[in-house]
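For reference, the structure discussed in these notes is given below.
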2 protein chains.
Amino acid sequence: MAEGPTINTIAERAGVSIASVSRVLNGLPTRQETVRKVLAAAEELGYVRNAVARSLKSRRTNQVAFAMADIGNPVYLAMVRQIQPVLKAAGYRLVLHSTDAIVADEIDVLHSLGERYVDGLIMSPLRVTDEHLKTIATARAPVVIIGSVPDGTRVDNVRADSRTGVRLAIDHLHGLGRRRIGFLNGPLDTVPGAARAAAYREALKERGLPYDEGIVEVGDFYRAEGARAARALLDRAAGVDALMCANDLIALGALDVLRAAGLRVPEDVAVVGMDDTDLAAASWPSLTSVSLGSAERGKAAAELLLDRLNDMDREPRLVTVPPVLVVRASTAGEGAERRPVSAGQALSAGGEASTPRAGSLRRTTGPGPDRESTGEAAVTAVPVQAAPQPKGGTP
Amino acid sequence: MAEGPTINTIAERAGVSIASVSRVLNGLPTRQETVRKVLAAAEELGYVRNAVARSLKSRRTNQVAFAMADIGNPVYLAMVRQIQPVLKAAGYRLVLHSTDAIVADEIDVLHSLGERYVDGLIMSPLRVTDEHLKTIATARAPVVIIGSVPDGTRVDNVRADSRTGVRLAIDHLHGLGRRRIGFLNGPLDTVPGAARAAAYREALKERGLPYDEGIVEVGDFYRAEGARAARALLDRAAGVDALMCANDLIALGALDVLRAAGLRVPEDVAVVGMDDTDLAAASWPSLTSVSLGSAERGKAAAELLLDRLNDMDREPRLVTVPPVLVVRASTAGEGAERRPVSAGQALSAGGEASTPRAGSLRRTTGPGPDRESTGEAAVTAVPVQAAPQPKGGTP
DNA sequence: TTGTACGCGTTATCAG
DNA sequence: CTGATAACGCGTACAA
């Protein structure tokens, strides 16, 4: 907690100029003798470079921020596990913000970009307001948004495709002979909530199933809310033979309720979650879930940001990560895990199956299909290998 | 992404001096007319204060960091949920670091304190090396350590009491008639791992049970490792009627294995976890767990840090949070949750039960019991109310 | 009340 | 190869 020595202190001590000290500390060509003296002095004094002063001059902090809606959601965990190493390898330190999806806090973080504490930001907002868009547009450091933003927004963007994801799930359930497929969704005023609601209706229609408001329940994206919603739905509607859940947490809540109600999963009610978090594989019964590629999205976002940091003037890019259905016991019966079903395979049209090149992004020919007007390059992310869990655990 | 305007830009635009701009921006007494002009110019130009430059001068950043070993462990989540609001209320922004318990990274974060990017740091290291201690001692900003450090270390410190915690659990199991109590621990070279190993032996001894290496297994603090360890233990040793687990994740892994092995919980094998994370309440069967007061520790740490920020010269303080046993279905049978058992009640000696004063710290008389030599004030934290989950959820 | 000038700790430029 | 010195953007004595 002592007053820290500066390069001036060192310069005095070593009997050289501050310029020489700076040179030595930055590894610039210097006479051996000088190097020795400076390093010795620095060591003795316990010198630590003042990064604030350095940043004032260099306009760089070598820090990057990731602002997530809720640190408690495993989805973000998966993202962090991918973002961290990519950025670290490039010499950046990652700092995390948990905004609790409070718009004011997110705007605050965005604003803090202007304060120059970080060189860039990856953000995953639940709701995208006009204020978000305005602040992003005038932000003084590069921003990458994970999640859908309105078409035409000039910002690097990584998207999931929950529309296709929901369809994969519904098709799967339909294929199992389920016809009364209930839907447990999150808030409709969030981007994913709205998207999944629309996708559900659409998917039912495609399969010739009627849309019945009576078997749809809207709550929050949490386990407890999922349980509440499931209970409400079961109390109200009879004969539901499947539950499509807008994320894994909701699905886990539903499993709790079904178990308590004495209903067998999947015999009586099949359950599908979304996000394919660690919890899905670990639950009982294990949970069939639509992976929206959290890991891939995190990795893509980090790479997008690095890329941007190296070229501030390039056109904004859009990366879309395709969903993958992972079938587990909650729909498949005896706990046997079947092979994942990718979007390409599952869709009737068989829209050109992707040929993954591990660890990189595959650029499609020309601008993205839904962004033609903006002239942005669109790319599709391919699967990354799972991030290893760190050693250690808890205090 | 434009080049940001500075107070100079504003000064020109408003036709005043930079000093006036600074005064207005900091709310110092200024003529109305000047205020108006400056604010107008600032608004037009979209001015954002350069916090880096400000910090260079003021030596404050209004940012505080929390470095956790693993962002994926719910224990840290509980801490963050408490730390965040306390710091926010005091005007600090919280930034999070996930070190993956890599010593080099933790040292790096500690070092970054010297870099002046944050005004203070709360850290929860899994292992405490000499390098940690050395770096902490010379750190240029206040540090609060969550977790045990060697006695005599001059640093604000918040501790759990896992020794008593383990005893609560063993006593509970013993009281249920269990006599072959296996132990699934984390790495012995971590502080909590070592403490819990010792506590386990001690607690058995107190109850007159033999220590049998054959029913002890050491792994990592993760679910998958917990499962592996449980499997190994069950393969090797027969007749185990209870499993004490060093944390909840390990316990969940054990539950998976027991279930797969067709063993009933708690009839055949009772299971106790540690940390009392959200997962404990949500698992099936729900998990009896020893709460080590993650939330309380987080809150106490935040308050300790704020306190220190306001008085850099005060003596280091030690806060110890007492453990609480939370009994659930994994030991109690039919899912009925019994009342929590606090340390005071459970111990035979009945060491003066605490009288909680909500939301504050209760100071014990004089120096802490195991710190008498250092002359530090010791306090005991009391329960805080659970932090509410934020609205929203996942993209 | 307002403006000038200096310092915070670094890096970078330019003579020597 | 080295040493003075000018920024970087802001806060603030001190002078006007």
The reported gap from CG in B:L94 to OG in A:S98 (rounded to nearest 0.5 angstrom) is 8.5 Å

Roughly how many Å is it from CZ in B:R140 to C1' in C:dG9, rounded to a whole number? 13 Å

Evaluate the criterion side-chain contact (heavy atoms from CB on, under 4.5 Å) for residue pair A:Q63 and B:Y117; output intermediate values, then yes/no. CA-CA 10 Å; A:Q63 291 195 135; B:Y117 264 125; 4.0 Å; yes

Using whole Å, report how far NZ of A:K37 lies from C1' of D:dT2. 11 Å

Assign B:S55 to base, sugar-phosphate, or nothing according to its heavy-atom contacts below 4.0 angstrom with the strands shown. nothing

Whole angstrom is fine here: how far is it from CG in A:L56 over to P in C:dG7? 16 Å

Reckon B:T30 has a side-chain N or O less than 4.0 Å from the OP1 or OP2 of C:dT1? no

Are B:R59 and C:dG9 close enough that a side-chain N or O sits under 4.0 Å from OP1 or OP2? yes

Which part of the nucleic acid does B:V52 contact within heavy-atom distance under 4.0 Å: base, sugar-phosphate only, or nothing? nothing

Among B:I83, B:L305, B:L309, B:V118, whose side chain to side chain contact (heavy atoms under 4.5 Å, CB included) with B:Y92 holds? B:L309

Between the axis at one end of the helix from C:dT1-D:dA16 to C:dG16-D:dC1 and the axis at the other (five pairs apiece), what's the angle to 10 degrees? 50°

Atom CD1 of B:I10 to atom P of D:dC10: distance rounded to whole Å? 8 Å

Reading 5' to 3' through nucleotides 10-16 of chain C, protein heavy-atom contacts under 4.0 Å coded B for base, S for sugar-phosphate only, - for none: BBB----

Which whole-number value in Å describes the distance from B:R116 CZ to D:dC10 C1'? 17 Å

